[in-house]
Student: 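My questions all concern the structure below.
Side chains included, hydrogens not; waters and symmetry mates left out as well; all remaining heavy atoms used.
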Amino acid sequence: MIAVLKHNATNEQIENLTAWLEGRGLKVHISRGDLYTILGLIGDTSQIDTELLEGLEMVDSVKRVSEPFKSANRKFHPADSVIEIPLPDSKGVLKIGGDENFQMIAGPCSVESPEQILSIAESVSASGATILRGGAFKPRTSPYDFQGLRADGIELLLEAKKRTGMPIVTEIMNANHLDLFDEVDIIQVGARNMQNFELLKELGKRQKPILLKRGLANTLQELLMSAEYIMAGGNHNIILCERGIRTFETYTRNTLDLSAIPMLRELTHLPVVIDPSHACGVARLVQPMAMAAAAAGAHGLIIEVHNDPVNALCDGAQSLTPEQFAKVAEKVQKIREVVTQA
């Protein structure tokens, strides 16, 4: 349920109404706009008399929200959320979300060595990437494939962060590893863990940005319900990621659902980034899909880059070289200029 308050509602009136609603066991999310203030009511609202609420002088209207996701719902929060990512050495913040805050995330699928991650970090940074990605813990279909350097991989990412000044994002596999992620700027929840609800609950207790990837066969509503799990715990710093879904098509690794961008932007206030690398699984398709995602209104891209894709320990076929990434970044920037002027 949402209660839209009139523009002349005073802070005291809002505080009194909020206290009254919370006294009935509801959580109240307050979203302040230029003309209206919206109270999003989360919990069992069946006990609330809508006519009573609408009868209050400060209340403009009351509506029941049919969608099961509440905190992630744009009806609760009409303005785009802008997620702030602290820059190293207290040099400000990096923003993602809204029409103006577009970020390029790039780096290898797996962290393999100090030389590899540092070389790639410096290359992608020079080409316009603002966030460094790299896998330390790697979920693999086969138990015999490279599983990542784990804690050592995080240490190498932190070293690259110091060297380049780029915030880092890496994937978590288990809530027991959370202590290792204290200095990680963005925690990624991969497609296979999108509905690992116990992990999501733990991440909800931490005020750290979460990059939440859509599962291989999950609907957008299921993705938003996973975001809701994190937000229900108090952490609203969530970035959604469309990384392709499994269909009957075999020429690509997955099928990139570009329609998810405008649909999610309609449904939710959370920023949406696109992963064309995992979606296609083919390096030569990354550029057109990245450009299409930027044109469709994505708030960012996450792209795999490796300095030696042929010998990569993980997903070399979908990884761009640093030189290829530089060309993609240049073309995406041109697309962004058109989109922001439209």
Student: Does Y229 have any ring pair (Phe, Tyr, Trp, His ring centres under 6.0 Å) partners at least two apart in sequence or in another chain, and if so, which?
Tutor: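 Checked Y229 against ring pair (Phe, Tyr, Trp, His ring centres under 6.0 Å); matches are F197.
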
Student: With ILVMFWY side chains joined below 4.5 Å, transitively, what does L216's cluster contain besides itself?
Tutor: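 Grouped by the 4.5 Å side-chain rule, L216 forms a cluster of one, so the answer is none.
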
Student: For residues 104-128, pull every pair meeting salt bridge (Lys or Arg N to Asp or Glu O under 4.0 Å), keeping only residues two or more places apart or in separate chains.
Tutor: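 Qualifying pairs: E122-R163.
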
Student: Compile the donor-acceptor pairs under 3.5 Å between side chains in residues 329-342 and protein atoms, sequence neighbours left out, one pair per line.
Tutor:
| unit_1 | atom_1 | unit_2 | atom_2 | d |
| --- | --- | --- | --- | --- |
| R336 | NH2 | D99 | O | 3.0 |
| T340 | OG1 | R336 | O | 2.9 |
| T340 | OG1 | E337 | O | 3.2 |

Student: Just checking, is any N or O donor in the side chain of T170 or R133 under 3.5 Å from an acceptor N or O on the other one?
Tutor: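 No, no side-chain donor-acceptor pair sits under 3.5 Å.
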
Student: Thinking salt bridges, do K75 and E67 make one under a 4.0 Å N-O criterion?
Tutor: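 The answer is yes: the pair qualifies as a salt bridge.
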
Student: List, by chain and then residue number, the residues other than Y251 in its hydrophobic cluster (Ile/Leu/Val/Met/Phe/Trp/Tyr, side-chain heavy atoms under 4.5 Å); write none if there are no others.
Tutor: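 In the cluster with Y251 there is nothing else; it is isolated.
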
Student: Would you say T255 and E249 are linked by a side-chain donor-acceptor pair, where the criterion is simply a distance under 3.5 Å?
Tutor: no

Student: Which pairs count as side chain to side chain donor-acceptor pair (under 3.5 Å) when at least one residue sits in residues 175-185, sequence neighbours excluded?
Tutor: K161-D185, N174-N176

Student: Do S31 and P78 have side-chain heavy atoms sitting under 4.5 Å apart?
Tutor: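 Yes - at least one pair of side-chain heavy atoms lies under 4.5 Å apart.
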
Student: Strictly by salt bridge (Lys or Arg N to Asp or Glu O under 4.0 Å), give each pair with a member in residues 147-159 just once, sequence neighbours left out.
Tutor: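 Applying salt bridge (Lys or Arg N to Asp or Glu O under 4.0 Å) to every pair that reaches into residues 147-159, excluding sequence neighbours, yields nothing.
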
Student: Test: ring-ring contact (aromatic ring centres under 6.0 Å, His included). Region: residues 284-331. Which pairs qualify, not counting sequence neighbours?
Tutor: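 Qualifying pairs, neighbours excluded: none.
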
Student: Which other residues belong to the hydrophobic cluster containing I245, where Ile, Leu, Val, Met, Phe, Trp and Tyr are joined when side-chain heavy atoms lie under 4.5 Å apart, directly or via other members?
Tutor: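 Taking Ile, Leu, Val, Met, Phe, Trp and Tyr as members, I245 stands alone, with no cluster partners.
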
Student: Tabulate below the donor-acceptor pairs under 3.5 Å that side-chain atoms of residues 20-27 make, not counting sequence neighbours, or state none.
Tutor:
| unit_1 | atom_1 | unit_2 | atom_2 | d |
| --- | --- | --- | --- | --- |
| R24 | NH1 | W20 | O | 3.1 |
| K27 | NZ | A232 | O | 3.1 |

Student: Show the atom names and distances, to 0.1 Å, of all donor-acceptor pairs under 3.5 Å that link a side chain in residues 218-228 to residues at least two apart or in another chain.
Tutor:
| unit_1 | atom_1 | unit_2 | atom_2 | d |
| --- | --- | --- | --- | --- |
| N218 | ND2 | Q195 | OE1 | 3.3 |
| N218 | ND2 | E222 | OE1 | 3.0 |
| T219 | OG1 | E222 | N | 3.1 |
| T219 | OG1 | E222 | OE1 | 3.4 |
| E222 | OE1 | T219 | N | 2.9 |
| S226 | OG | M194 | O | 2.8 |
| S226 | OG | E222 | O | 3.3 |
| E228 | OE1 | K70 | N | 3.1 |
| E228 | OE1 | S71 | N | 3.2 |
| E228 | OE1 | A72 | N | 3.1 |
| E228 | OE2 | K70 | N | 2.9 |
| E228 | OE2 | S71 | N | 2.7 |

Student: Under 4.5 Å between side-chain heavy atoms, chaining through other members, with only Ile, Leu, Val, Met, Phe, Trp and Tyr counted: pull out the rest of the cluster around I85, sorted by chain and number.
Tutor: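 ILVMFWY cluster around I85 also holds I83, L87, L94, I96, I105, I131, V169, I186, L211, I239, V273, I302.
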
